[in-house]
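Residue numbers start from 1 in every chain, and the chains themselves are labelled A, B, ... in the order their sequence lines are given, proteins ahead of strands.
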2 protein chains.
Amino acid sequence: MLAPDRLSSTFQALADPTRRAILARLSQGEASVTELAAPFSMSMPAISKHLKVLERASLISRGKEAQWRPCKLEAAPLEAASDWVEQYRAMWEARFDRLDAYLKEVQEKEVKPTTRKRNAKGKR
Amino acid sequence: MLAPDRLSSTFQALADPTRRAILARLSQGEASVTELAAPFSMSMPAISKHLKVLERASLISRGKEAQWRPCKLEAAPLEAASDWVEQYRAMWEARFDRLDAYLKEVQEKEVKPTTRKRNAKGKR
DNA sequence: TTTGTATTTAACCGTTTGGTTATATACATT
DNA sequence: AATGTATATAACCAAACGGTTAAATACAAA
C-alpha cells in the first residue's frame with residue numbers, strides 16, 4: 001500500500017481479479033459495499049480493504065448516503081495506464097515492422113539457407 | 001509470484017517502476033542482464049528477480065548466447081491488458097455520454113441550475 | 001588449468017498483501 | 001432508548017514482495 005508512483009498503484013490495484021470484478025460491476029453504475037460484496041465468497045472486511053486499495057489508487061470514489069457508502073468508478077487513472085501500455089505496444093509493433101522489412105530485404109539478397117536460428121545481433 | 005490468472009500477473013508485473021523501465025529499455029531492442037541492470041543502483045540478483053517476474057508474466061523471453069542471457073520484449077500480454085483497460089474506459093465514457101444526454105434532457109425540462117462543471121473527455 | 005565474466009540460486013530479512021474473526025461506529029427504525 | 005443494518009477498524013496470520021550478501025554455476029580466454 002506504500003504507493004510509489006501513480007502508475008504503479010494503478011497497475012497494482014488492477015492486479016487482482018476481485019478488484020477488477022468490482023470495477024467491472026461499477027462500470028455499470030454506482031453500488032453500495034454490500035452490493036459489491038454479494039458475488040464473492042469473502043468477508044465484508046476483505047471487500048472493504050479491496051475498496052480502499054481502489055480508492056487510494058483513485059480508481060473509485062465514495063459517497064455518503066445514510067449508512068451507505070456508494071462507490072463509483074473514476075476512470076481517469078485508467079487513461080494513464082492505457083497510455084503507458086499503448087506506448088510500448090506501439091514500439092513493439094514498430095520493431096516487428098522493422099523486422100519484417102529486414103527479412104524481406106534479406107530474402108531478396110540472399111539464397112535462402114537451411115533453417116537458421118536467428119542470431120541476436122547488435123551486442124557489444 | 002503466485003500467478004492466479006494471466007491478466008493479474010501481467011498487471012502485477014507492470015506495477016513496479018523498475019520493471020516498467022526494463023520493458024522501456026527492451027522496447028528499443030534486446031539487451032543482456034548487465035546492460036539492463038546498469039541504470040539501476042540495485043544488486044544483480046535483484047534485477048534477476050525482476051526479470052524472472054517479467055518472464056513468468058510472458059512479457060519477456062530469454063535467449064542463450066555464451067554466458068549471456070539476452071532478454072527481449074514479448075508484448076502479447078500487453079495486448080490483453082490494454083484490451084481490458086480500454087474496455088472499461090469505454091464503458092466509463094459511455095456512462096458519461098449517457099450522463100450528458102440525461103443532463104441535456106433535464107436542461108430542456110427544467111430551469112438551468114447553477115453552472116455545472118464538464119468533465120475532461122476530449123483527450124481522445 | 002586457472003582466471004575472469006555473466007548470471008543464477010540460496011538464505012535471509014523487513015514490509016506489504018490478502019485474508020480472517022471480533023469489535024466498533026454510524027445511521028434508521030421501532 | 002433499543003434494535004437492526006451498513007460499514008469500518010483492530011488485531012492477527014501466512015504468504016508474497018523486493019531487496020540484501022554470499023556462494024554456485026556456466027562459459028570464454030589465457
T34(B) and I47(B), any side-chain heavy atoms less than 4.5 Å apart: no
Whole angstrom value for the distance that separates C1' of dG18(D) from CG of L14(B): 17 Å
Under 4.0 Å protein heavy-atom contacts per nucleotide of nucleotides 3-9 of chain D, with B for base, S for backbone only and - for none: ---SSSB
Sub-4.5 Å side-chain heavy-atom contact between R20(B) and S8(A): yes
Atom-to-atom span, CD1 of I47(B) to P of dT7(C) - whole angstrom: 12 Å
Non-hydrogen side-chain atoms of F11(A) and V85(A) separated by less than 4.5 Å: yes
Close side-chain approach of R19(B) and L51(B), heavy atoms under 4.5 Å: no
Whole-Å gap separating P (dA15(D)) and CG (D16(A)): 18 Å
Touch class at under 4.0 angstrom, heavy-atom based, for A66(A) against every strand present: sugar-phosphate
T18(B) side chain near H50(B) side chain, heavy-atom distance below 4.5 Å: yes
Spacing of F11(B) atom CZ relative to dA16(D) atom C1', expressed in whole Å: 20 Å
Whole angstrom value for the distance that separates P of dA16(D) from CZ of R19(B): 15 Å
Protein-nucleotide distance (K64(B), atom NZ; dA28(D), atom C1'), rounded to Å: 16 Å
Residues E86(B) and R89(B) bridged, charged N to O under 4.0 Å: yes
Distance, rounded to the nearest Å, where F40(A) contributes CZ and dT20(C) contributes P: 12 Å
Phosphate OP1/OP2 of dT20(C) contacted by S43(A) side-chain N/O (<4.0 Å): yes
